[in-house]
Amino acid sequence: MTKEFHKNLDFLKQELVEMSKLAFIMLGDSITALSTSNTELAESVDLKKEKLREYDVEIETKSLQLITLYQPMAIDLRTIAAILKIITYLYRVGRYGKDIAAVVSLLNNKQPLSEIIGIKHMWEHVQSMLDDAVDSFVTDDISKLKGFSERDTEIDQLRWSIFRESVSYMMEDPRNITISAHLIMIARYLERCGDHACKIAEKVYYMVTGKHIEIT
Amino acid sequence: MVFKIKKNNNNEIDHQNQEFSNNEYVIECKNLNLWYEDTQALININIEFRKNKVSSIIGPSGCGKSTLLRCLNRMNDVIEGCKIEGEVLFNGKNLYASNADIRLNRKKIGMIFQKPNPFPMSIYDNITYGPKIHRVLDKDILDKISEKNLKRAVIWDEVKDRLDESAMGLSGGQQQRLCIARALAVEPEILLMDEPTASLDPIATQKIEELILDLKKEWTVIIVTHNMQQAARISDYTCFMYLGELIEFGETTQIFENPQKKLTENYITGRFG
């Protein structure tokens, strides 16, 4: 019975990794689509949202089944508790990808201002935090979580930098208002994704050590 | 965090910010060792059980949990070849001192066993047997003792109309609650329970568990169980034993959510045992 439980728990962890890959692809592709005005790529992001939802429901259902059938304790219980929370954060990350992709078609091949004002640069920071958070989940290595607070602060600063820059473009030319307003929103989405990376990191820390921390 | 444990090497490990005065601990073992012939079953046990709390002892078969429980009211004394060293302090007095009153101590420290063991007599006589031994002979008082303790054990409503019937006719769960009522009838301070629900069905188990939670308002309960979920549900403190040693003792939530010892974690996550 116990072997069966641990086998199922390993599957569940693997499934969470698959979900994270999908969510990160959705977000990454949406940024690429935005910066290259690639509407086809943007549409492909939208098509992935159903699979993301399926992962969310499936992992939650399997987690609850494991709790019901095996009443896990200690590290096993903490792992399932972490998984149940992390899937929510991953789901939100993927959905932000979908929201960003939706903007691409709205911009209708207008000049990709995002290239100029550093959305991609911000995305690289967020991507690196998300990758480290999920890596630490897979390897139980919390050393990768060091410095998350500072990295999150940097993302916050990039968001305000994009905000200021976008406002400048709006003042410069009213035709930039629509795209700049969207980019301000996108910067906000990416900043939220950075927060989700921090929340994933908190849950991984709890899973490994049994102690709650707050990354602010 | 409100408990204190001492480890084998006598280095004190504090899992708390504050310590309580000795009277918080109703019973404690100090450097307790026990041998069955040449086999050492308990190895330098140091543990303190808090008053009005439920403490569970868990561990794989043969780890010494029942042996430890039986030490707490000197039930191992009758086992041939059993040798005990160290102290068990009940309200500060050593149960194993040469001048200890075993009879009085066993009255104060009741025991419930895995299999319900009602006496082959009426329900009423089961309850009043102990008080009669302790020279309570007045019928009115015995009636009151019977009613009071059957109510304490939450079985009164089920048996009040058939007190004269044989206790052997009760269901397993009812018999176990009757045994608890019988133990309570001599007004103990501590109730020791050795896998009290192991032979009961889930409904009867649930009733006993609810009863245990209720009992701790007035009594200290120490329970041996191989059911970890049960330990998690009903106990305030949990002690994990392995091969005769006390490995970890702490608040139940801490033991089951975040044990400090790898051995404890491996056991409660089913990686061995």
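Letters A, B, ... mirror the listed sequences (proteins, then strands); counts begin at 1.
Separation of atoms CD (A:Gln71) and CD1 (B:Ile268) is listed at 13.5 Å; rounding is to 0.5 Å. If you take CG on B:Asn258 and OH on A:Tyr206, they are separated by 7.5 Å, rounding to the nearest 0.5 Å. Atom-to-atom distance recorded for B:Glu257:CD and A:Met73:CE is 10.0 Å, nearest 0.5 angstrom.
At most 12 non-hydrogen atoms from other residues, nucleotides or ligands lie less than 6.0 angstrom from NZ of A:Lys85.
When all heavy atoms of A:Ile75 and B:Arg271 are compared, the closest pair comes out as CG2-NH1, 4.0 Å.
In this structure a side-chain-to-backbone donor-acceptor pair under 3.5 Å is missing from B:Glu265 to A:Ala74.
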